[in-house]
Amino acid sequence: MSVESVVIIGGGIAGFSCARELRSRGFTGQLTIVDPEGLPYDRPPLSKELLTGEFTPDDALLAPASWYEDNSVTVLTDRADRIAPDDGTVILESGDDLTADAIVIATGGTARTLTIPGGDSEGIVTLRTKADALALKDLLVEGARIAIIGAGLIGAEVASTAVKNGCEVTLIDPAPVPLVPAVGEEIARVLHHMHTEHGIRVFTGLPTKIVKTADHYEIDLDGAHDTEGPEDLQADVVLVAVGIDAYSSLAASAEVEQEGGILVDAGGRTSNPRIWAIGDIARMQHEDGSLARRHEHWESAANEGQAAAASILGQELPSFGSSWFWSDRHGVHVEGIGEMSAPGTTVIREKDGVAQMAFRLSRDGHIVGAVAIDGGMAVRAVRRIIDRGIIVDPADLANPDINVKKLAR
């Protein structure tokens with residue numbers, strides 16, 4: 001099928017990368033991005049620079065308005081309401097509609113909320129959009145008491161930012177050590193301990209009820225404990241950061257298959273040959289029918305946008321290295337590569353007796369994942385080691401006197 005028009009629904013890094021890649025690959029047809037927030041913007045600053053005021057909303061834009069003019073990309077500030085599966089029509093909330101040869105769903109997931117008594121109380125916030133970040137910024141004033149439910153990447157980053165803003169922060173998570181699947185237990189412990197080092201109150205437990213009073217929230221926890229023992233939890237602000245829901249009503253209207261995300265092939269194509277899905281909303285289905293874990297990281301979304309562009313144009317799919325992610329908290333930068341939860345063993349590299357880098361080795365001795373605190377260059381070197389299939393002596397990996405870059409040669 002000849003593709004003369006493409007509609008991309010969603011203006012995050014996945015949708016923007018797809019549009020940019022289509023143009024760089026020579027696509028000259030009609031190209032439209034639909035997003036109710038207008039020009040595509042980057043999400044990582046939402047939990048950091050936008051909350052501190054270091055960034056303005058324009059600083060988070062993925063490209064200036066002139067880029068869209070120069071590349072003949074139309075950006076519609078509207079919301080896609082549904083997709084007619086047979087004729088490739090996107091019906092917008094405004095009542096207008098768009099017909100395209102290829103439709104790309106890049107809407108991301110929706111922030112999960114709490115299904116407990118009081119979990120939907122007025123004023124409880126989530127963080128998923130620029131508007132969410134700007135609203136939260138106004139609440140994170142010096143002296144404000146903020147309770148963050150969920151200590152994953154977003155919850156941890158906001159906790160760090162809130163302390164920087166002078167807030168009193170309570171962090172709540174059911175896991176004693178969050179992020180173990182992503183970074184391994186040893187690094188996860190070091191990262192989680194940073195919260196208490198910076199004055200954050202950490203509770204392990206599940207919220208069971210939230211009561212909104214005239215001027216604050218009261219949070220009941222099941223099995224909660226911290227170093228001082230349980231006590232009443234009160235907060236002026238409650239942020240829920242417990243992940244996203246990857247169900248898509250757009251995909252449902254288009255009758256494409258979903259199971260913990262929209263099911264796609266390596267090029268992002270769904271069960272409808274006119275529709276692709278990329279980014280947080282998409283879940284890879286292998287040729288044997290097995291399902292991969294959804295990736296919710298910036299680079300994965302960017303890569304999927306590029307792959308979908310190639311697929312739409314009928315070109316060879318690009319090849320990417322091991323998956324990479326990063327996070328920032330309390331003045332340190334964390335980077336990871338590959339899979340830290342894969343079967344095998346972990347090798348730890350310490351600095352002054354504290355774990356600073358972890359390597360995950362498969363049973364046959366290959367590195368399949370690595371995470372470092374303030375060690376981005378080392379992680380990039382590990383990426384080359386993984387992609388080249390180099391086997392490294394575990395003793396060399398553990399030795400802080402050996403530069404990891406030398407091990408990649």
Side-chain angles (χ1 to χ4, degrees), residues 151-153 156-157 160 173 175-197 202 204 266 284 286 288 290-300 302-303 319-409:
L153 293 178
E157 290 180 353
S160 171
D173 197 280
V177 184
L179 296 179
V180 170
V183 302
E185 183 171 355
E186 295 82 3
I187 297 295
R189 288 187 180 280
V190 174
L191 294 174
H192 197 50
H193 185 60
M194 289 179 184
H195 295 311
T196 55
E197 290 177 332
V202 177
T204 301
M284 169 83 166
H286 299 294
D288 63 2
S290 62
L291 302 179
R293 178 175 59 87
R294 279 191 311 105
H295 290 108
E296 298 177 12
H297 301 305
W298 188 95
E299 188 191 51
S300 296
N303 290 347
S319 178
F320 304 108
S322 302
S323 60
W324 169 74
F325 72 92
W326 84 93
S327 180
D328 298 285
R329 69 176 75 185
H330 303 303
V332 304
H333 182 69
V334 185
E335 290 193 27
I337 194 79
E339 298 290 340
M340 288 301 294
S341 59
T345 58
T346 299
V347 175
I348 300 298
R349 177 175 289 207
E350 296 183 346
K351 180 180 180 182
D352 299 327
V354 179
Q356 292 293 114
M357 191 166 188
F359 306 86
R360 189 67 177 174
L361 273 61
S362 66
R363 296 189 179 100
D364 63 3
H366 286 87
I367 301 176
V368 293
V371 175
I373 299 172
D374 289 333
M377 295 299 292
V379 170
R380 287 167 176 76
V382 174
R383 185 176 214 169
R384 293 194 295 273
I385 292 173
I386 294 175
D387 294 342
R388 296 173 185 174
I390 299 171
I391 293 181
V392 180
D393 186 337
D396 291 339
L397 295 175
N399 188 344
D401 295 328
I402 297 178
N403 193 322
V404 179
K405 290 173 64 176
K406 294 182 178 180
L407 303 176
R409 295 172 182 169

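The first residue of the sequence shown is numbered 1, and numbering continues consecutively from there. Computed from a predicted model, the values in this text were never measured in an experiment.
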Report the distance from atom [atom1] of [X] to atom [atom2] of [Y], rounding to the nearest 0.5 Å.
X: Gln356; Y: Glu186; atom1: CD; atom2: CD; value: 13.0 Å
X: Ile367; Y: Asp387; atom1: CD1; atom2: CG; value: 11.5 Å
X: Met194; Y: Thr196; atom1: CE; atom2: OG1; value: 10.5 Å
X: Phe359; Y: Ile348; atom1: CZ; atom2: CD1; value: 9.0 Å
X: His366; Y: Ile385; atom1: NE2; atom2: CD1; value: 11.5 Å
X: Ser322; Y: Glu299; atom1: OG; atom2: CD; value: 9.5 Å

Which heavy-atom pair separates [X] from [Y] by the least distance, and what is that distance?
X: Ala408; Y: Arg384; result: CB-NE, 4.1 Å
X: Val382; Y: Ala370; result: CG1-CB, 3.6 Å
X: Val190; Y: Val354; result: CG2-CG1, 3.9 Å
X: Val371; Y: Met340; result: CG2-CG, 3.5 Å
X: Gly152; Y: Leu179; result: CA-CD2, 3.9 Å
X: Trp324; Y: His297; result: O-CB, 4.2 Å

Decide yes or no for [X] and [Y]: does some side-chain heavy atom of the first lie under 4.5 Å from some side-chain heavy atom of the second?
X: Phe325; Y: Val183; answer: yes
X: Ile373; Y: Met357; answer: no
X: Leu361; Y: Val368; answer: no
X: Pro343; Y: Arg363; answer: yes

Please list, chain by chain and in numerical order, all residues satisfying side-chain hydrogen bond (donor to acceptor under 3.5 Å, both in side chains) with Glu157, sequence neighbours excluded.
Ser47, Lys48, Ser327

Describe, in one word, how the ring planes of His195 and His192 are oriented to each other, choosing from parallel (under 30°), tilted (30 to 60°) and perpendicular (over 60°).
perpendicular

Could you work out, with side chain to side chain contact (heavy atoms under 4.5 Å, CB included) as the rule, every residue matching His333, not counting sequence neighbours?
Trp326, Asp328, Glu335, Asp374

When you measure from the side chain of [X] to the backbone of [Y], do you find a donor-acceptor pair of N or O atoms at a distance under 3.5 Å?
X: Arg380; Y: Gly376; value: yes
X: Arg189; Y: Val177; value: no
X: Arg360; Y: Ala342; value: yes
X: Arg349; Y: Ala358; value: no
X: Ser160; Y: Arg329; value: no

Asp288 and His286: side-chain donor and acceptor closer than 3.5 Å?
no

Evaluate the side-chain contact (heavy atoms from CB on, under 4.5 Å) criterion for residues Asp173 and Thr204: first the C-alpha distance (whole Å), next the side-chain angles of each, then the deciding distance (0.1 Å), finally the verdict.
CA-CA 5 Å; Asp173 197 280; Thr204 301; over 6 Å; no

